[in-house]
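Both ligands and their constituent atoms are indexed starting at 1 by order of listing. Side chains included, hydrogens not; waters and symmetry mates left out as well; all remaining heavy atoms used.
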Amino acid sequence: MSKQMLCLPGDGIGPEIMAEALKVLDAAKLRFGLDIEISHGLVGGAAIDQYGVPLSDETLALARNADAILFGSVGGPKWDDQPMANRPEKGLLQLRAELDLFANLRPAILFPQLAEASSLKPELVAGLDILIVRELTGGIYFGEPRGVRTLENGEREGYNTYVYRESEIRRIAKVAFEAARKRGGRLCSVDKSNVLEVTGLWREVVIAESAGYNDVELSHMYVDNAAMQLVRAPKQFDVMVTGNMFGDILSDCAAMLTGSIGMLPSASLNEKNQGMYEPVHGSAPDIAGENKANPLAQILSLAMLLRYSLADGSSLAEAAAAEAIEKAVSEVLDKGYRTGDIASEGCQLVGTAAMGDAVVDCLLNA
Ligand code: IPM
Ligand code: MG
């Protein structure tokens, strides 16, 4: 039976980089004989323009039925005056919540070819390979009550609620321990347990969970220190696990260490390994439609999708395709092709489409 993939390009540079990922998927299908059926939908601002809401019931139904979703990016100034409940970002948050995509894997890997593009000294980041495991469907992003209320004196007060249940902490901790076990065997749990009760519980539950993982070395760090350590000595980390909001912030920080947020894919998975795959970067409305965006994070998100959600015991072709795509990306960098965000002296500056073509070329002529 063919596997089902839903394609949601979204806004800004989303459609441009998605077009390149789909070119790469076509080439991978050809070379590896993959049987994947692709459907398409609108999300974010594009869906607001068409249906009035950032995620329509039809698109949500398509998402539920898909084995995996390839997501571009959402948002832009055009929809800035939408009420909070109808902003483009809500489409993304709703998909995460509705499909229970609680485990967000955000690797920050430095391609050796790009060591010069990092804002840190090359020796601090050479060989960098961190995985941030971010809880994605709980915490302050979804906690109730939330809102803006008017106090008795007429002053307005905004409020959100930071909540985590033991079961939510336990399941994300498990994902992080399993990942650490398969990688460098070290896990750092990030919290603010010196101030916030909810993250005191977080630490307690993570420690309890560690009993089943004697092979993984567990450490704990307050989030402010973790942010500092990420820019001071990032290679001390292997896997980091944290809640929704801290993970949002730390993953942007880790991404920048690699020289370009335009290179980083991410996966959001539920218990059934159904997943949504998206670049860590946003919709970059300032360069949308100009053939300037770096499509590599979207292309690497496709590779992750093939590996984590479409490969299974009965078919090894998807995993082989994922590896070949990653290799093709590395070869393109070896050849010196660079989009503006990762440009350096002596390299060849190319646009979005030429970068996608170069990856296809390497993939088909390997
Ligand atoms: C991310 C983004 C989203 C988030 C936004 C677009 C809602 O910043 O995926 O990191 O905050 O989770
Ligand atoms: Mg973010």
Side-chain angles (χ1 to χ4, degrees), residues 8-15 17-18 42-48 53-55 59-60 63 69-80 82-108 130-143 146 160-164 168 172 190 223 226-227 230 240-258 260-270 275-286 288 293 297-298 300-301 304-305 341:
L8 297 176
D11 310 320
I13 59 171
I17 57 176
M18 184 64 79
L42 296 176
V43 71
I48 294 175
V53 289
L55 180 70
T59 307
L60 179 58
I69 301 162
L70 190 61
F71 190 97
S73 51
V74 288
K78 182 174 177 197
W79 305 281
D80 271 352
Q82 288 284 334
M84 186 66 96
N86 207 50
R87 286 182 66 90
E89 290 82 356
K90 274 286 175 210
L92 175 60
L93 295 171
Q94 243 177 300
L95 276 167
R96 290 173 178 171
E98 292 286 342
L99 302 185
D100 202 17
L101 303 169
F102 71 95
N104 185 212
L105 310 182
R106 300 195 160 184
I130 301 176
L131 177 67
I132 295 188
V133 178
R134 168 187 175 195
E135 200 292 325
L136 203 58
T137 51
I140 198 165
Y141 268 51
F142 291 95
R146 63 191 298 158
N160 287 88
T161 308
Y162 193 170
V163 278
Y164 270 119
E168 290 176 293
I172 193 69
V190 176
V223 62
L230 265 177
M240 303 174 90
V241 63
T242 191
N244 208 342
M245 184 167 62
F246 296 163
D248 179 45
I249 299 165
L250 293 180
S251 61
D252 262 28
C253 179
M256 200 54 226
L257 300 175
T258 68
S260 172
I261 197 165
M263 295 297 300
L264 298 177
S266 73
S268 308
L269 305 170
N270 63 20
M276 183 157 79
Y277 298 79
E278 55 179 308
V280 168
H281 63 71
S283 59
D286 52 321
Q298 188 76 66
L300 291 168
S301 298
M304 265 187 125
L305 177 153
D341 58 316

Discussion item. Among all the protein's non-hydrogen atoms, which is closest to atom 11 (O) of ligand 1, and how far away is it?
Written reply: Tyr141 OH, 2.5 Å
Worksheet, complete the sentence: Checking heavy atoms under 4.0 Å, the part of Arg96 that sits near ligand 1 is side chain
Practice prompt. Any chance you could lay out the side-chain contact (heavy atoms from CB on, under 4.5 Å) test for His281 and Ile17, step after step, and finish with the verdict?
Written response: CA-CA 11 Å; His281 63 71; Ile17 57 176; 3.5 Å; yes
Response to the item:
The single option from Arg134, Glu278, Met276 that satisfies side-chain contact (heavy atoms from CB on, under 4.5 Å) with Ser266 is Glu278
Worksheet item: Quick one: are Met18 and Leu70 in side-chain contact, heavy atoms under 4.5 Å?
Response: yes
Worksheet item: Out of Asn104, Asp248, Val74, Leu93, who gets a non-hydrogen atom closest to atom 2 (C) of ligand 1?
Response: Asp248
Worksheet item: Out of Val190, Leu131, Ile172, Ile132, which one pairs with Val241 under the side-chain contact (heavy atoms from CB on, under 4.5 Å) rule?
Response: Ile172
Practice prompt. Heavy atoms only: give me the nearest Pro279-Ser301 pair and the separation to one decimal.
Written response: N-OG, 3.4 Å
Worksheet, complete the sentence: In short, Tyr164 meets Glu135 closest at the heavy-atom pair OH-OE1, 2.7 Å
Worksheet item: Tell me: protein heavy atom nearest atom 6 (C) of ligand 1, and distance?
Response: Glu89 CG, 3.7 Å
Worksheet item: Which atom, among the N/O/S set of Asp248, is closest to the Mg ion (ligand 2)?
Response: OD1
Practice prompt. Number the atoms of ligand 1 from 1 as they appear, then name those within less than 4.0 Å of a heavy atom of Arg134, with their elements.
Written response: 1 (C), 4 (C), 9 (O), 10 (O), 11 (O), 12 (O)
Worksheet entry | Best match, His281, Arg106, Glu278, Lys90: closest heavy atom to atom 1 (C) of ligand 1 | Arg106
